[in-house]
Amino acid sequence: MKRKSIIPGFGLSFGITVTVLSIIVLIPLCSLVVFTSQLSFSEFIYTVTRPRILSGYYVSISTAFIASLVNVVMGLILAWVLVRYNFPGKKFLDGIIELPFALPTAVAGISLTHLTTTNGWVGKIFYDLFGIKIAYTRLGITIALIFIGIPFVVRSVQPVLEKIDLQYEEAAFILGADRRTTFWKVIFPEILPSLISGFTLAFARSIGEYGSVVFIAGNTPYETEIAPLLIMSELQEFDYAAATSIALVMLAIAFVILSVNAFIQSMVSKRVSGLA
Amino acid sequence: MDIRKDKGVLKWVLIVICFVFLSVFLLLPLVYIIATAFRAGIQGYIKAVTDEYALKATWLTIRATLWAVGINTFFGISAAWCLTKFAFKGKKLLSTFIDLPVTVSPIIAGLIYVLTFGRQGPLYGFLDSHGIQIIFAVPGIVLATIFVTFPFISRELIPVLTAQGTDEEEAAALMGARTFTIFRKVTFPHIKWALLYGIVLCTARAMGEFGAVSVLSGHLRGKTNTLPLYIELLYQGYDFTGAFAASSILVIMAVIILILRLVIEQKGKKEIDINR
């Protein structure tokens, strides 16, 4: 149905929206495309398949993946505890979950680094007891990414868990299911889509994360050098072609991750509405 | 009998896991920053935070944040109005573009501005002949800050305006109210809290942005160093007390933001309940 709206201000608000969007987002993105079209394909392939660059991608993706998995488990537990239980300090717990959003990444980065060096409050314990080094290793990067990703899974599961109707659990209970069966067969399938979407959001954010990781990583080539840092160092050498090539691959990875999530979410909503 | 009640042991085990996890990952870094900031005593702390360059960095951070919040508020209101009150072709595409900046790595955000306004960019000749410097200068920092916080306000407003519908505005328009009168008297009261919430989130992210700003800053002490960049500079110069003292300013702001967030959320909820 198409009809002219009686509410005024369409031209004005549309104009402002498109103008600001163009200046801030579209024109800069276009210049990325234009610059890319000037690169030769063989040069692009050569740049992004250099062993050091490949290792950067590997480090970024593997640490982000592990960190996001940890956040799925902890996020589920946190959301469950916050929705289902009452206990002293609940408000406080709920409030500090957003801390990684509010605390600047560089600040989190230097603090986590200092805590986990072999002389740090936490790092010393792990080094003395188990001989494990945290700062300046991939473990350190993973820790920083867990910090960054905590709010994503909690905040996407929490509202879904709040909305689950008591009837489902009552039905399961009457049919003789115990608590564990009810959780895995009734509740878990309901919250699975939100878990996946929390995971992808945390994963996509973690792959591109720079501020909190750059201090704790130590940035040893082939060991703890992350992809965003590689872009940064190419930029500092004014090699814009190389920086752009690395960035394009990262944009492609982010795009794939988000599309997979969009696909899963649309499959789920179809299943729920009974279309598939 | 409440079938949602877990047996005591499981409940308390999960609660303890949550408290331990969040204490280690979120609270410990905060405590560590404050403790290290005051390592050199109150005098040392005051000296570090009132350092000439620290003050200049703080001022630049405040300026960039104000710009970002101002422009994004203006943009966010127009975009939300445009996307929720009217039906038009390309609406979905427009909202996808608005959300795009949050999925782009901050380093890539910096890169696209370097490609647009830098020496090899299409606009460089024009800008240079007019003596306008954008990258490695304050305008670049402001642009990067706007980019990374771009959808923060519109994203808070759109769900509220969608839920509210268009009936009230249509009635006002039929009775002859003009655009700004409709907005001020009809729409604004509905989005007040959501807008404030968006502004708080935008402020939090804007003052702490590191990666994108780091690419675009000339790293000139006292000129193009924001607070997070100044912290990095001190940290890399092994002035840890100074770095953590400067960080504590941002920690205090982050805590204020978390408290504001909770207050706004509560107020907003209360108002919705009353209206029902």
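These numbers come from the heavy atoms of this one structure, side chains and all, not from hydrogens, waters or symmetry mates.
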Given that the side chain runs from C-beta out, which part of B:Glu168 has a heavy atom under 4.5 Å from chain A: side chain, backbone, both or neither?
neither

Proximal to chain B - members of residues 119-126 of chain A, heavy-atom separation under 4.5 Å:
A:Trp121, A:Val122

Comparing B:Leu201, B:Leu174, B:Val255 against chain A, the one with the most heavy-atom pairs below 4.5 Å turns out to be B:Leu174

Looking only at heavy atoms and a cut-off of under 4.5 Å, which of B:Leu250, B:Ile256, B:Leu143 has the most pairs with chain A?
B:Leu250

Just how far is it from atom CG of B:Leu26 to atom CD1 of A:Ile97, taken to the nearest 0.5 Å?
8.0 Å

Could you pull out the closest heavy-atom pair between A:Ala102 and B:Ala204, with the gap in Å?
CA-CB, 4.1 Å

What part of A:Val25 gets within 4.5 angstrom of chain B, counting heavy atoms only: side chain, backbone, both, or neither?
both

Could you walk me through whether A:Ile110 and B:Phe240 satisfy the side-chain contact (heavy atoms from CB on, under 4.5 Å) test, starting with their C-alpha distance in whole Å, then the side-chain angles of each, then the deciding distance to 0.1 Å, before giving a yes or no?
CA-CA 9 Å; A:Ile110 60 171; B:Phe240 296 134; over 6 Å; no

If I take atom CD1 from residue B:Ile107 and atom CG from residue A:Leu229, how far apart are they, to the nearest 0.5 angstrom?
8.0 Å

Do B:Arg178 and A:Pro8 come within less than 4.5 Å of each other through their side chains, counting heavy atoms only?
no

Among all residues two or more places apart in sequence or in another chain, which pass the salt bridge (Lys or Arg N to Asp or Glu O under 4.0 Å) test with B:Glu265?
B:Arg261

Under 4.5 Å to a heavy atom of chain B? For A:Ile207 that would be neither

By a 4.5 Å heavy-atom criterion (distance strictly below it), what part of A:Leu82 contacts chain B: side chain, backbone, both, or neither?
neither

B:Cys18 to A:Leu93 - nearest heavy-atom pair and separation:
CB-CD2, 4.1 Å

Chain B contact via A:Ile96 - which portion, at a heavy-atom distance below 4.5 Å:
both

B:Asn72 meets the side-chain hydrogen bond (donor to acceptor under 3.5 Å, both in side chains) criterion, sequence neighbours left out, with B:Thr149

Rounded to the nearest 0.5 Å, what separation is found between the CE atom of A:Met250 and the CG atom of B:Leu111?
11.0 Å

Before giving the answer on side-chain contact (heavy atoms from CB on, under 4.5 Å), spell out for A:Leu112 and B:Leu28 the whole-Å C-alpha distance, their side-chain angles and the decisive distance to 0.1 Å.
CA-CA 9 Å; A:Leu112 287 170; B:Leu28 198 59; over 6 Å; no

From CG (A:Leu12) to OG1 (B:Thr179), nearest 0.5 Å
7.0 Å

Under 4.5 Å to a heavy atom of chain A? For B:Leu115 that would be both

Is A:Thr244 in contact with chain B via its backbone, its side chain, both, or neither, using a 4.5 Å heavy-atom distance?
both

Kindly give the heavy-atom pair with the smallest separation between A:Ser31 and B:Ile112, and that separation in Å.
OG-O, 3.7 Å

No-hydrogen, no-angle side-chain donor-acceptor test under 3.5 Å, A:Ser13 and B:Ser78:
no

So which of A:Val34, A:Ile27, A:Ile143 has the biggest tally of heavy-atom pairs under 4.5 Å with chain B?
A:Ile143

A:Ile257 versus chain B, the contacting section by heavy-atom distance below 4.5 Å
neither

Chain B heavy atoms under 4.5 Å from A:Val214: which part of the residue, side chain, backbone, both or neither?
side chain

Apply salt bridge (Lys or Arg N to Asp or Glu O under 4.0 Å) to B:Glu232 and list each qualifying residue two or more places apart in sequence or on a separate chain.
none

What do the steps show when you test A:Val20 against B:Phe150 for side-chain contact (heavy atoms from CB on, under 4.5 Å), and what is the final call?
CA-CA 10 Å; A:Val20 180; B:Phe150 198 61; 4.0 Å; yes

Top contributor to chain A interface from B:Val102, B:Thr116, B:Thr36 [non-hydrogen pairs under 4.5 Å]:
B:Thr116

Measuring heavy-atom distances to chain B, does A:Met74 have an atom under 4.5 Å in its side chain, in its backbone, in both, or in neither?
side chain

For the atom pair CG (A:Leu78) and CD1 (B:Ile15), what is the distance rounded to the nearest 0.5 Å?
11.5 Å

Correct closest heavy-atom pair for B:Leu30 and A:Leu103 would be CD2-CD1, 4.1 Å

Relative to the ring of B:Phe19, is the ring of A:Phe87 parallel (under 30°), tilted (30 to 60°) or perpendicular (over 60°)?
perpendicular

Below 4.5 Å, heavy-atom pairs only: which of A:Thr105, A:Leu258, A:Leu251 has the largest tally toward chain B?
A:Leu251

Indicate, with yes or no, if the rings of B:Phe86 and A:Phe10 have centres closer together than 6.0 Å.
yes

Full working for side-chain contact (heavy atoms from CB on, under 4.5 Å) between B:Phe21 and A:Ile150:
CA-CA 10 Å; B:Phe21 178 72; A:Ile150 290 172; 3.8 Å; yes

With a 4.5 Å cut-off on side-chain heavy atoms, are A:Ile7 and B:Trp81 touching?
yes

Engaged part of A:Phe14 at the chain B interface, taking heavy atoms whose separation is under 4.5 Å
both

Less than 4.5 Å apart, side chain to side chain, heavy atoms only: is that true for A:Thr17 and B:Phe75?
yes

Over all heavy atoms of both residues, which pair between A:Ile6 and B:Glu170 is shortest? Give the atoms and the distance, please.
CG2-CG, 3.3 Å

Correct closest heavy-atom pair for B:Phe25 and A:Phe147 would be O-CD1, 3.1 Å

Measuring only between side-chain heavy atoms, which start at C-beta, is A:Ile24 closer than 4.5 Å to B:Tyr113?
yes

Can you say whether the rings of B:Tyr32 and A:His114 are parallel (under 30°), tilted (30 to 60°) or perpendicular (over 60°)?
perpendicular

Contacting moiety of A:Phe255, where chain B heavy atoms sit under 4.5 Å
neither

Measure B:Ile98 against the heavy atoms of chain A and call it side chain, backbone, both or neither at under 4.5 Å.
both

Applying a strict 4.5 Å limit to non-hydrogen atoms, the region of A:Ala247 in contact with chain B is both

